[in-house]
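Keep in mind the model is a prediction, meaning the values are calculated, not measured.
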Amino acid sequence: MSKDLFSNHAQDYAAFRPTYPKELYDFIFSHVKHFEQVWDVGTGNGQVARDLSKQFVKVFATDISANQIENAFNAENIFYFQAGETTSFAETSFDLICVAQAIHWFDREKFYAEVNRVAKPGAMIAVWGYSLLSIDPEIDLTINDFYVNVVGPYWDKERRLIDEHYKTITFPFQEIETPSFSFSFQWTLPELQGYLNTWSSVQKLIKEKNFNPVEKLIDQIQPLWKFDKMEIKFPLFLRMGRVK
């Protein structure tokens, strides 16, 4: 069963999680034959559902967290459901199935069986994520130390799949070669702080120790922060294949 680590800070998640670049969607859509229905799995705040809603007639978006769905983006052609790896969707329903920054939490064997059930003939599956950000060498050293030594013990074991760019997960589909992507944002220091607060490891440490370690990290970064806004870069990785 998928883990629900984000319900308690769903509003922050909606406000501070980065959005994905047009280049990623353009590549995915170039391999999709029809644009009638798409399933966005582990939708979280609905940011992917929002982007998909501009291309597909209907978007079905699922998440195990009711709080995430309550804070998700709304559109007339987006339909939200609380669900994990299995659903009540009809067989052969979807032209595309997407999972953004979530498949590492799934029972993948159960999920892949559901993908095969609900995918239309010729449907595609696209699974992507992003790993640790970079800003500049000095700040990166500070954040890397925080990532490994401060909150490192509080990451779930599934986090290593992100660090490995999903290369080690099973992917039993007719896989296609995908390019490397990256995306970046101009963030203020408070925006960076808001994003770091959404890390599941940070939330677990807060719950156990009753203090927020991000505050000390921001104090360390403050003297290194050279401008009002600085460029935040994320490496972005994609695995994609034809279901059947």
Side-chain angles (χ1 to χ4, degrees), residues 1-20 40-49 61-73 80 82-85 98-108 110-111 127-135 140 142-169 183 185 187 190-218 220-221 232-237 239:
M1 180 63 186
S2 306
K3 293 186 179 181
D4 181 6
L5 301 176
F6 306 102
S7 285
N8 292 333
H9 57 292
Q11 286 182 320
D12 281 348
Y13 198 90
F16 295 111
R17 279 279 155 151
T19 54
Y20 301 107
D40 175 27
V41 197
T43 190
N45 61 21
Q47 64 177 26
V48 172
T62 59
D63 202 279
I64 61 169
S65 167
N67 285 347
Q68 285 278 31
I69 290 172
E70 285 173 13
N71 287 279
F73 176 85
Y80 289 103
Q82 189 174 2
E85 294 91 345
C98 292
V99 191
Q101 196 74 353
I103 200 168
H104 50 289
W105 303 121
F106 291 4
D107 178 330
R108 284 178 291 283
K110 185 185 292 186
F111 171 61
V127 172
W128 69 88
Y130 58 92
S131 51
L132 189 62
L133 59 88
S134 62
I135 304 172
D140 293 351
T142 305
I143 292 177
N144 288 345
D145 178 70
F146 178 82
Y147 181 79
V148 173
N149 297 315
V150 179
V151 299
Y154 294 88
W155 286 112
D156 286 72
K157 66 183 187 300
E158 292 88 348
R159 178 69 195 187
R160 67 177 175 77
L161 300 175
I162 288 283
D163 293 333
E164 294 163 355
H165 290 193
Y166 287 166
K167 290 175 182 176
T168 56
I169 69 168
F183 59 138
F185 304 89
W187 277 357
E191 285 174 314
L192 174 64
Q193 182 172 2
Y195 165 70
L196 295 171
N197 281 328
T198 70
W199 283 5
S200 60
S201 57
V202 168
Q203 293 299 315
K204 285 175 72 174
L205 190 153
I206 291 171
K207 190 172 181 180
E208 182 177 312
K209 301 288 189 180
N210 204 31
F211 75 93
N212 188 342
V214 172
E215 294 173 5
K216 182 179 178 182
L217 173 64
I218 295 300
Q220 292 174 307
I221 293 174
I232 315 292
K233 299 176 184 175
F234 291 91
L236 180 61
F237 45 91
R239 294 190 71 178

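With sequence neighbours excluded, the residues that form a ring pair (Phe, Tyr, Trp, His ring centres under 6.0 Å) with Y147 are W155, W199. Scanning for salt bridge (Lys or Arg N to Asp or Glu O under 4.0 Å) contacts around R108 gives an empty result, with sequence neighbours left out. Take Y166 and apply the ring pair (Phe, Tyr, Trp, His ring centres under 6.0 Å) test, not counting sequence neighbours, and it matches H104, F237. Residues forming a side-chain hydrogen bond (donor to acceptor under 3.5 Å, both in side chains) with S201 (at least two apart in sequence, or on another chain): none. Under the side-chain hydrogen bond (donor to acceptor under 3.5 Å, both in side chains) criterion, T142 pairs with no residue at all, not counting sequence neighbours. Partners of E70 by side-chain contact (heavy atoms from CB on, under 4.5 Å), not counting sequence neighbours, listed by chain and number: N67. The salt bridge (Lys or Arg N to Asp or Glu O under 4.0 Å) test applied to E215 returns no partner, not counting sequence neighbours. Not counting sequence neighbours, Y80 has no partner by the ring pair (Phe, Tyr, Trp, His ring centres under 6.0 Å) test. Remark: N144 pairs with no residue by the side-chain hydrogen bond (donor to acceptor under 3.5 Å, both in side chains) rule, at least two apart or across chains. Residues satisfying the side-chain hydrogen bond (donor to acceptor under 3.5 Å, both in side chains) criterion with N149, sequence neighbours excluded, are D145.
Remark: side-chain polar atoms of Q101 are paired, donor with acceptor, to backbone N or O of Y130 under 3.5 angstrom. Checking side-chain atoms of E85 against main-chain N and O of K110 turns up no donor-acceptor pair under 3.5 Å. One N or O on the side chain of Q203 and one on the backbone of N197 form a donor-acceptor pair closer than 3.5 Å.
A 4.5 Å side-chain heavy-atom check between F111 and V99 finds at least one atom pair inside the cut-off. For the pair V41/F106, a side-chain contact is recorded, criterion being any heavy-atom separation below 4.5 Å from C-beta on. The side-chain heavy atoms of L192 and I221, taken from C-beta on, include a pair separated by under 4.5 Å. For the pair Y154 and P213, the minimum side-chain heavy-atom distance is 4.5 Å or more. Annotation: side chain of W128 is not in contact with side chain of I103 (no heavy-atom distance under 4.5 Å). Looking at heavy atoms from C-beta onward, I162 lies in side-chain contact with R159 at the 4.5 angstrom threshold. Between I135 and W187, every side-chain heavy-atom pair lies at or beyond the 4.5 Å cut-off. L132 is listed as a side-chain neighbour of I143, based on a closest heavy-atom distance under 4.5 Å.
V214 approaches N212 most closely through the heavy-atom pair N-OD1, 2.9 Å. Heavy atoms only, all atoms of each residue included: S131 and H165 are closest at OG-NE2, 3.0 Å. Across D156 and K204, no two heavy atoms sit closer than the pair OD1-NZ, 3.3 Å. Minimum interatomic distance between G44 and D63 (heavy atoms only, all atoms of both residues): N-OD2, 2.7 Å. Across T43 and A49, no two heavy atoms sit closer than the pair OG1-CB, 3.9 Å. Considering all non-hydrogen atoms of both residues, R239 and K167 come closest at NH1-O, 3.6 Å.
Between R160 and E164, at least one side-chain nitrogen of the basic residue sits less than 4.0 Å from a carboxylate oxygen of the acidic one, meeting the salt-bridge criterion.
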Output, in order, the C-alpha distance, side-chain angles, deciding distance and verdict of side-chain contact (heavy atoms from CB on, under 4.5 Å) for V150 and K216.
CA-CA 11 Å; V150 179; K216 182 179 178 182; over 6 Å; no
Give the C-alpha distance, both sets of side-chain angles, the deciding distance and a yes or no for ring pair (Phe, Tyr, Trp, His ring centres under 6.0 Å) between F185 and Y195.
CA-CA 12 Å; F185 304 89; Y195 165 70; 9.2 Å; no
Can you list the steps and then say if V151 with F146 is a side-chain contact (heavy atoms from CB on, under 4.5 Å)?
CA-CA 6 Å; V151 299; F146 178 82; 3.5 Å; yes
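Rounding to the nearest 0.5 angstrom, the gap separating the NZ atom in K233 from the CG atom in L133 is 12.0 Å. To the nearest 0.5 Å, the span separating OG on S200 from CH2 on W105 amounts to 4.0 Å.
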